[in-house]
Amino acid sequence: MTQYKQIGQSLKQHGAYWMTRAGEIMNRYPIHILGVIVLFGLLLSTTIILADPPSMESGSTDSWWVISLNLIHGQGYSLCIPRYFPFCEIGNQTTAAREPVPVLLFALVAKLSNESLWAATAFELLIYLSVLICVYLLTLEWVNRRAALIAAFLWTIHLPAVDLIPQVSGDLLGAFFVTFGMLFVLRSRKTNRVKDWVIAGAGLGLGALSRSAILTIPAILMGGLIVERWRQGRNLLDIIKPSLILFGVVFLIMLPWIVRNQISLGRPLLGSSLVGYNIFRQSYALTTDNYLHFIDGVDGKIAVQELLVERKKDLSGMENEAQMDVIYKAEAIKIIRSHPFKYMLSSGYRFFLLWFNWQIPEGYLYLATRRDYVIMGMQVVLMIFAWMGARKGNFFRAWPLWGSLVIISLAYMAVESQLRFLIPVMPLLISLSAVGINRLFMSQPPDTFKRMVVE
């Protein structure tokens with residue numbers, strides 16, 4: 001037994017020594033290592049793209065890409081998916097189902113590439129690599145080079161993000177803007193420069209126009225910043241200035257979309273017109289005993305058909321997306337009020353769907369694969385290390401990161417949950433996880449390990 005203990009101690013000492021050596025190399029050659037990580041990410045993503053080439057059936061490509069094509073064809077910002085909006089016939093296809101920033105950028109890509117889906121995939125790949133750089137800079141802003149390089153590597157191997165590259169969507173673009181905006185939030189807390197706060201607000205505002213749930217992040221940041229600066233004993237102007245700047249910039253960026261929706265659809269929608277449909281679809285199961293599961297599009301279609309029959313006398317058959325959004329929300333609220341306890345349980349259950357994609361494959365009528373379970377395991381590991389990265393001295397220092405993760409999780413749990421919805425904020429979790437890994441494996445000074453080896 002003593003012999004085994006000695007062997008274990010020796011392995012521990014040598015492992016610690018080599019981890020320290022790795023940390024020294026990362027500190028000495030950060031740009032070189034970052035370049036290697038970028039090349040590895042390029043190789044991995046290319047392999048996945050070739051294994052799963054882009055097509056109209058990939059993810060939500062059939063909605064984002066179609067709106068982009070309609071724009072360049074002179075048909076306006078239009079889309080018709082009857083399973084969401086049953087009255088979207090000719091003359092009633094004006095849409096707000098997808099946010100505008102990704103649609104406009106992909107319309108430009110389509111225009112320049114003769115509508116090539118491969119060009120759209122190349123653009124998604126560029127965004128994915130840009131997020132990698134932003135994750136590095138974000139983590140470097142509040143920790144050190146070692147943690148920043150670990151964060152860049154973790155993003156590179158995050159399979160749910162890589163899987164989105166052959167698809168046309170707003171998720172990766174949302175991740176870029178959130179990471180970029182959060183980088184300047186952390187920087188602004190140090191510099192307190194108006195310019196930095198404006199850039200932070202611009203990043204988060206563009207993020208909200210890529211994925212509307214991101215709008216919850218500037219909301220939590222404004223409240224948190226007021227509390228933080230009040231605790232620091234600042235004067236009233238200093239307390240409210242960052243929040244006012246964030247609110248003003250985000251509002252100005254959102255304003256054209258809000259006005260457009262008011263003019264085109266008759267309501268000033270802040271984000272997507274699919275919110276009402278999604279909450280109605282997921283609430284539909286509360287009327288049954290089997291409500292703790294993901295409600296897929298098939299069940300959603302049944303729910304919509306039953307609603308149309310029930311509201312037949314109230315509907316004209318010409319309702320646009322904004323009008324249907326109101327109807328869906330009203331019906332969902334009616335169901336939730338009738339089954340509040342079931343709604344609370346189902347919202348809590350959606351935590352597992354959101355963070356681990358639990359039973360999402362089964363919801364789409366196929367069995368989970370080994371890859372799905374690997375992703376679940378990766379999520380568990382990232383969450384454990386993120387908790388380690390946020391605790392003790394980093395709890396208040398990193399509150400914009402974990403606070404954003406909490407608020408956007410609650411938003412999705414209240415409506416609908418899938419792991420891909422978290423992609424825009426996964427860089428924040430990865431940054432926290434990298435700090436946890438760095439703290440666990442590379443936090444001891446080199447002399448300590450050298451002394452251990454000598455002994």
Side-chain angles (χ1 to χ4, degrees), residues 48 52 58-60 154-155 157-165 167 169 171-172 174-175 211 213-214 216 274-275 277-303 332 335-336 339-388 390 402 404-430 432-433 436:
I48 289 180
D52 184 20
S58 301
S60 300
L154 291 177
W155 172 258
I157 63 171
H158 191 249
L159 294 178
V162 181
D163 288 343
L164 287 173
I165 296 175
Q167 306 176 23
S169 76
D171 297 304
L172 286 176
R211 272 301 195 183
I214 292 171
T216 59
L274 281 174
V275 174
Y277 167 80
N278 286 329
I279 192 170
F280 170 69
R281 187 179 86 182
Q282 298 303 318
S283 300
Y284 172 75
L286 300 181
T287 59
T288 70
D289 293 330
N290 183 26
Y291 59 92
L292 293 180
H293 69 283
F294 176 72
I295 312 300
D296 65 358
V298 175
D299 288 336
K301 185 176 181 180
I302 295 172
I335 294 172
I336 291 169
H339 307 279
F341 184 67
K342 284 184 177 181
Y343 175 70
M344 291 175 61
L345 286 178
S346 63
S347 296
Y349 171 77
R350 280 195 282 269
F351 170 85
F352 300 98
L353 279 64
L354 181 65
W355 280 96
F356 309 111
N357 238 31
W358 179 255
Q359 290 193 340
I360 295 296
E362 290 81 358
Y364 286 111
L365 303 179
Y366 66 88
L367 295 176
T369 64
R370 290 182 182 178
R371 196 171 191 274
D372 293 315
Y373 290 114
V374 168
I375 290 173
M376 293 180 196
M378 289 177 65
Q379 290 294 106
V380 171
V381 172
L382 286 175
M383 293 179 74
I384 291 173
F385 281 119
W387 175 79
M388 294 177 62
W402 58 258
S404 299
L405 290 167
V406 169
I407 194 66
I408 206 166
S409 295
L410 293 175
Y412 276 124
M413 287 164 59
V415 180
E416 182 188 2
S417 297
Q418 297 184 51
L419 178 55
R420 66 183 176 88
F421 295 165
L422 281 181
I423 295 301
V425 294
M426 279 308 299
L428 310 186
L429 181 80
I430 283 172
L432 290 168
S433 300

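Since the model is a prediction, treat every value here as computed from it, not as a measurement.
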Side chains of [X] and [Y]: closer than 4.5 Å at any heavy-atom pair?
X    : Y    : answer
L405 : W355 : yes
L422 : L429 : no
I165 : I48  : no
Y284 : R281 : no
Q418 : L353 : no
F280 : I335 : yes

Show the nearest heavy-atom pair for residues [X] and [Y], with the distance to one decimal.
X    : Y    : value
L159 : V374 : CD1-CG1, 4.5 Å
G348 : M413 : CA-CE, 4.2 Å
A411 : T216 : CB-CG2, 4.1 Å
A175 : W155 : CB-CH2, 4.3 Å
Y291 : A285 : CB-O, 3.2 Å
I375 : P160 : CG2-CG, 3.6 Å

Is a side-chain donor or acceptor of [X] paired with a backbone partner of [Y] at a separation under 3.5 angstrom?
X    : Y    : answer
S433 : L382 : yes
N278 : V275 : no
Y343 : A414 : yes
K342 : T288 : yes
Q282 : I295 : yes

Could you state the interatomic distance from [atom1] ([X]) to [atom2] ([Y]), rounded to the nearest 0.5 Å?
X    : Y    : atom1 : atom2 : result
M378 : L154 : CE    : CG    : 8.0 Å
L410 : F351 : CG    : CZ    : 10.0 Å
Q379 : L419 : CD    : CG    : 5.0 Å
S417 : I360 : OG    : CD1   : 7.5 Å
R350 : L345 : CZ    : CG    : 11.0 Å
D289 : L286 : CG    : CG    : 11.5 Å

### Query
Residues two or more places apart in sequence or in another chain: which of them pass salt bridge (Lys or Arg N to Asp or Glu O under 4.0 Å) with D163?
R371

### Task
Would you check, one step at a time, whether the test side-chain contact (heavy atoms from CB on, under 4.5 Å) holds for F356 with M383?
CA-CA 11 Å; F356 309 111; M383 293 179 74; 3.6 Å; yes

### Aromatic plane relationship, F352 with Y349 - under 30° parallel, 30 to 60° tilted, over 60° perpendicular
tilted

